[in-house]
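By convention in this document, chain letters (A, B, ...) are assigned in the order of the sequence lines, proteins followed by strands, and residues within each chain are numbered from 1. Computed from a prediction, not measured in an experiment: that's the story for all the values here.
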There are 2 protein chains.
Amino acid sequence: MTDHISTAQQEFLALIGAASEAEGKSRISGQIIALLVFEGRALSFGELAVALGVSRGSISTNTRTLEARGVLARVQRSGERQDYFELVDVHSATLLREISQRLDRTGTGIEDICARLSHSGGDSGHGACARLRDYAAFHHIVAKAIATASDEIEGKTAHLRPGDSVE
Amino acid sequence: MTDHISTAQQEFLALIGAASEAEGKSRISGQIIALLVFEGRALSFGELAVALGVSRGSISTNTRTLEARGVLARVQRSGERQDYFELVDVHSATLLREISQRLDRTGTGIEDICARLSHSGGDSGHGACARLRDYAAFHHIVAKAIATASDEIEGKTAHLRPGDSVE
DNA sequence: CGGTTTGTTCAATTCTGACTGAACGGTAGA
DNA sequence: TCTACCGTTCAGTCAGAATTGAACAAACCG
């Protein structure tokens with residue numbers, strides 16, 4: 001029976017690891033999140049390294065960045081010398097907010113280019129500028145949509161125990 | 001004045017190229033889209049290679065995948081031997097729909113794992129299964145939000161073409 | 001027919017960044 | 001103090017993807 005669980009766990013880790021890579025993040029960082037979701041409890045530094053079969057150095061760097069991104073928290077247990085990690089309860093919403101902010105940043109970056117262009121170039125680049133503004137607007141619209149979804153999910157996950165229906 | 005435009009173009013290409021890499025796509029594919037947006041007209045195969053400073057082989061592979069993804073269209077000009085490429089007018093919406101579908105696929109992938117787990121593993125993996133379903137639901141919610149944004153953007157961009165036809 | 005242009009393909013190359021592993025500093029207990 | 005353990009760091013390694021460039025086939029023109 002633990003067999004079934006562990007194969008399911010392996011499949012889950014592989015799936016999320018691949019998804020993590022597909023969106024530009026490292027495989028391990030995705031799998032750390034996946035393992036914490038699967039286990040539903042705080043895991044120690046050593047447990048992560050063993051369960052994922054990766055070096056302690058990788059655990060260190062990846063947990064640090066995940067911590068800085070506000071996805072997981074490092075917790076100390078009295079009497080234990082190892083660090084433990086647990087998911088922030090709004091970790092999914094945090095990831096969405098991150099994406100939303102990056103889109104907004106790209107959008108304003110486009111607008112900045114457009115502003116400099118129309119300021120110094122007269123109206124020769126007018127058509128291009130209009131298209132760039134549309135393209136920037138697209139980024140902002142998507143950012144807004146994702147931010148809204150983030151709020152929705154945050155409202156559902158905050159202070160809710162896992163297993164509650166989200167439908 | 002063309003100076004200003006070309007520096008703005010270079011900045012735009014760099015920005016979108018980096019954004020493209022950040023989300024797991026190739027730099028060149030993002031820059032092809034960016035160049036077509038900036039120019040606002042169909043560009044030839046050769047123009048793309050020269051303007052982006054990349055090999056013809058790269059243009060070939062990237063335009064093919066973008067074409068397959070429904071982002072741009074290959075058009076022939078009578079009398080011209082070169083292929084020309086232009087953006088599909090709903091190209092942004094198409095990219096969003098692609099992301100939405102990938103999220104849905106990941107979500108159902110998680111649900112499949114969960115189904116196999118609860119079917120064969122008894123109730124020992126019950127807690128994990130509940131958490132996995134929540135995690136799958138998260139993916140579906142985001143997919144839905146992005147799909148909605150895609151529809152919104154499609155509605156905004158489709159009417160820009162005068163005398164447009166539906167499908 | 002040859003010569004030119006064009007797009008595709010694929011083996012080779014380059015490049016990026018993830019990952020490792022060992023050295024290091026810090027901490028707690030004996 | 002010494003020892004054992006723990007997390008961090010970083011130079012080195014490695015894998016996979018992106019990109020190149022040359023070979024190739026097709027279409028066109030003289």
Distance check needed: C:dC19 C1' versus A:Ile32 CD1, whole Å only. 12 Å
Using five base pairs at each end to define the local axes, how bent is the helix from C:dC1-D:dG30 to C:dA30-D:dT1, to the nearest 10°? 10°
Is any side-chain heavy atom of A:Leu35 closer than 4.5 Å to one of A:Phe85? no
B:Tyr84 OH - C:dG7 C1' separation (whole Å): 15 Å
Under a 4.0 Å heavy-atom criterion, the protein footprint on nucleotides 10-30 of chain D, written with B, S and -, is ---------SBB-----BB--
Set of salt bridge (Lys or Arg N to Asp or Glu O under 4.0 Å) partners for B:Arg41, sequence neighbours left out: B:Glu39, B:Glu47
Quick one: is C:dG7 close enough that its OP1 or OP2 comes under 4.0 Å of any side-chain N or O from B:Arg64? no
Donor-acceptor contacts, no H, no angles, side chain residues 48-60 of chain B, under 3.5 Å, sequence neighbours left out:
from: B:Ser55; atom 1: OG; to: B:Ser58; atom 2: N; distance (Å): 3.2
from: B:Ser55; atom 1: OG; to: B:Ser58; atom 2: OG; distance (Å): 3.2

Is there a side-chain contact between A:Leu103 and A:His140, using heavy atoms and a 4.5 Å cut-off? no
If you link I, L, V, M, F, W and Y whenever their side-chain heavy atoms are under 4.5 Å apart, who else ends up in the same group as A:Val90? A:Val88
So do the side chains of A:Val142 and B:Ile146 get within less than 4.5 Å of each other, counting heavy atoms only? no
A:Leu66 CG to D:dT8 P, in whole Å, measures 12 Å
Which atom pairs, one a donor and one an acceptor, fall under 3.5 Å between side chains of residues 13-20 of chain A and the rest of the protein, sequence neighbours left out?
from: A:Ser20; atom 1: OG; to: A:Ser26; atom 2: O; distance (Å): 2.7

Could you give the CG-to-P distance, from A:Leu43 to D:dG7, as a whole number of Å? 13 Å
Integer-rounded Å distance: C:dG26 P and A:Asp83 CG: 16 Å
Rounding to a whole Å, what distance do you find between A:Phe45:CZ and D:dG7:P? 5 Å
Closer than 3.5 angstrom, by distance alone: can the side chain of B:Thr108 be matched with the main-chain N or O of B:Asp104 as a donor-acceptor pair? yes
For the pair made of CD in B:Glu67 and P in C:dT8, what is the distance, rounded to whole Å? 8 Å
What integer distance in Å separates A:Leu52:CG from C:dT20:C1'? 15 Å
Parallel, tilted or perpendicular: which one describes the rings of A:Tyr135 and B:Phe12, with boundaries at 30° and 60°? perpendicular
